[in-house]
2 protein chains.
Amino acid sequence: MYDTLRDRICLLDYPPGTRLSEVELAAEFGTSRTPLRRVLARLEDEGLLTSRHGVGTIVTDLDMEEMARTYALREELADLVGRLDPVPPGAKDLADLDTFLSRGEALRRAPEARTFARLNMDFFAFGLRFTANAPLRDVSERLYYRTARIWLHRVPELDLSEEIAIFLSEMTESARALRAGDTRAAALIRRAHISMCRQRLLTGDGGLCPPALRASPQDT
Amino acid sequence: MYDTLRDRICLLDYPPGTRLSEVELAAEFGTSRTPLRRVLARLEDEGLLTSRHGVGTIVTDLDMEEMARTYALREELADLVGRLDPVPPGAKDLADLDTFLSRGEALRRAPEARTFARLNMDFFAFGLRFTANAPLRDVSERLYYRTARIWLHRVPELDLSEEIAIFLSEMTESARALRAGDTRAAALIRRAHISMCRQRLLTGDGGLCPPALRASPQDT
DNA sequence: ACCGGCAGAGTTGTGCACAACTTGCCATGC
DNA sequence: GCATGGCAAGTTGTGCACAACTCTGCCGGT
């Protein structure tokens, strides 16, 4: 239930500003408002929702300044994943890596924003396997989902195929590092990509500029 | 309500293993179980409580392995406070600094574990003023309260006056750095003290060794 | 003497009804 | 025409009763 709602928010099924009805959601999940409200409260703590008495529970909109700071922090945390309590990849991890690469390849052939977002989320969770530091994992995940929406939000202004290509390249490089057992290198690769992602997504106007003026194909 | 309960847990008014009664607490706060349960749920998310159906809501005990990892992470976060979105100290900050120092001096003259713990908590919050990075502040605070109990828990085995002296020294050094406008240095000082604190609190037996065998005065 | 089971007390989890509150609309007066 | 007051619908917040569950202690059987 928590995961479902979080995904819906992060995949923009509920765009920022959407008003969620507690009774409707409770009915949908076949439960009463009470357990649902606990979930909503948690999502509120995580900064994805805000409820106001007498008004409704509303999906928060993306504060670009806050996003920039969150990205800066995520970048450092990605680094720490490689430095704090590293866990070398096991056989299952390497196998899963192949699955990720083939999912990425399929995505390249049939680009689709939502599928991309899902793959990105899964690959993020994958990357957290390589630290045994549970608090670090928790914090990283929390901050990831806080920023996850921004990508889908800006995708109309971006070149989807190029974004996918960049992501594929990140996965390929990560795979190389992990196959060599170098989790530190994998973390640095991720850090680099978070940094670049911040550059692409947050620089300039904060998304208010019309798509036509941004990221024309020949820029690359 | 949340702050009250969190403080009670962190100040060991509710030692690890204590079973909290929802109805009693609700009565004490003059409310019903419903709003109280939201608070308890949050404390559970933060890792200070765990509720089990039919059993009770129980204060978590201190997992030394997890504490060590949290300390490692806190150390890095303290560093980041100095590097991410630093805010130079203002006049009010410098004034508050004097208050902290005099509180510390009073504590040195009349050592008392609980007062020390309170001062420590307040000074921690003070240190977070010097970054404008809200997510970093949130995360740091969250992790701080997750580890805050350990100090009071081990205080019987430690030399209270010495701990206070060390803390006074930390505050004095921080004050020097902040008066010079060097928030980065202040952050490094804090980082150093978190590291030393980890050494003192977590090395060895995890608190199972009788006090007499530890920290004899002539060791220093 | 020991063991299994059963009942009761006590706890958290859930459902539901109502209170508190906001917002938009409409009628009314100017 | 416009401002204004109030009403109604809809929302979240709260209180309460009951369901679901766990543990303890007792009792009967073996």
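Naming: A, B, ... by sequence-line order, numbering from 1 per chain.
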Self-check item: Nearest atoms (heavy-atom pairs only) where B:P35 meets B:T31
Solution: CG-OG1, 3.2 Å
Exercise. Could you list by number each residue of residues 14-29 of chain A showing a heavy-atom separation from DNA chain D of less than 4.0 Å, or answer none if no residue does?
Key: A:R19, A:L20, A:E22
Quiz item: Of the non-hydrogen atoms in A:G127 and A:R190, which two are nearest, and what is the gap between them?
Solution: CA-NH1, 3.8 Å
Quiz item: Where the side chain of B:T147 meets the backbone of B:M67, is there a donor-acceptor pair that is under 3.5 Å apart?
Solution: no
Quiz item: Is it the case that more than 12 heavy atoms not belonging to A:R52 sit under 6.0 Å from its CZ atom?
Solution: no
Practice problem: Count the heavy atoms belonging to other residues, nucleotides or ligands that lie under 6.0 Å from CD of B:E65, then report whether that count exceeds 12. | Solution: no
Self-check item: A:E22 and A:T57: side chain donor to acceptor below 3.5 Å
Solution: no
Quiz prompt | Criterion salt bridge (Lys or Arg N to Asp or Glu O under 4.0 Å) on B:R42 and B:D45, from CA distance to verdict | solution = CA-CA 5 Å; B:R42 184 168 163 196; B:D45 282 343; over 6 Å; no
Pick out the pairs of N or O atoms, protein on one side and nucleotides 7-9 of chain C on the other, that lie under 3.5 Å.
none

Quiz item: Which value, rounded to the nearest 0.5 Å, describes the distance between A:E170 atom CD and A:N120 atom CG?
Solution: 7.5 Å
Self-check item: Non-hydrogen atoms of A:C10 and A:L48 that approach each other most closely
Solution: SG-CD1, 4.5 Å
Quiz prompt | A:T34 vs A:G56, nearer the 5' end of DNA chain D by closest nucleotide | solution = A:G56
Quiz prompt | Boundaries of the DNA chain D segment in contact with chain A, non-hydrogen, under 4.0 Å | solution = D:dG10 to D:dT14
Quiz item: Which comes earlier along DNA chain C counting from the 5' end, the contact point of A:T31 or that of A:V55, where each point is its nearest nucleotide?
Solution: A:T31
Exercise. Without swapping roles, check the side chain of A:T60 against the backbone of A:G47 for a donor-acceptor pair under 3.5 Å.
Key: yes
Exercise. Kindly state which residues belonging to residues 35-53 of chain B come within less than 4.0 angstrom of DNA chain C, counting heavy atoms of the residue only, listed by number.
Key: B:R37, B:R52, B:H53
Quiz item: For the residue pair B:P111 and B:S161, what are the closest heavy atoms and their distance?
Solution: CG-OG, 4.5 Å
Self-check item: Residue pairs involving residues 116-135 of chain B (criterion ring pair (Phe, Tyr, Trp, His ring centres under 6.0 Å); sequence neighbours excluded)
Solution: B:F100-B:F123, B:F100-B:F126, B:F116-B:W151, B:F116-B:F167, B:F123-B:F126, B:F123-B:F167, B:F124-B:Y144, B:F126-B:F130
Quiz item: Looking at residues at least two apart in the chain, or sitting in another chain, which of them share a salt bridge (charged side-chain N to carboxylate O under 4.0 Å, His left out) with B:R146?
Solution: B:E66
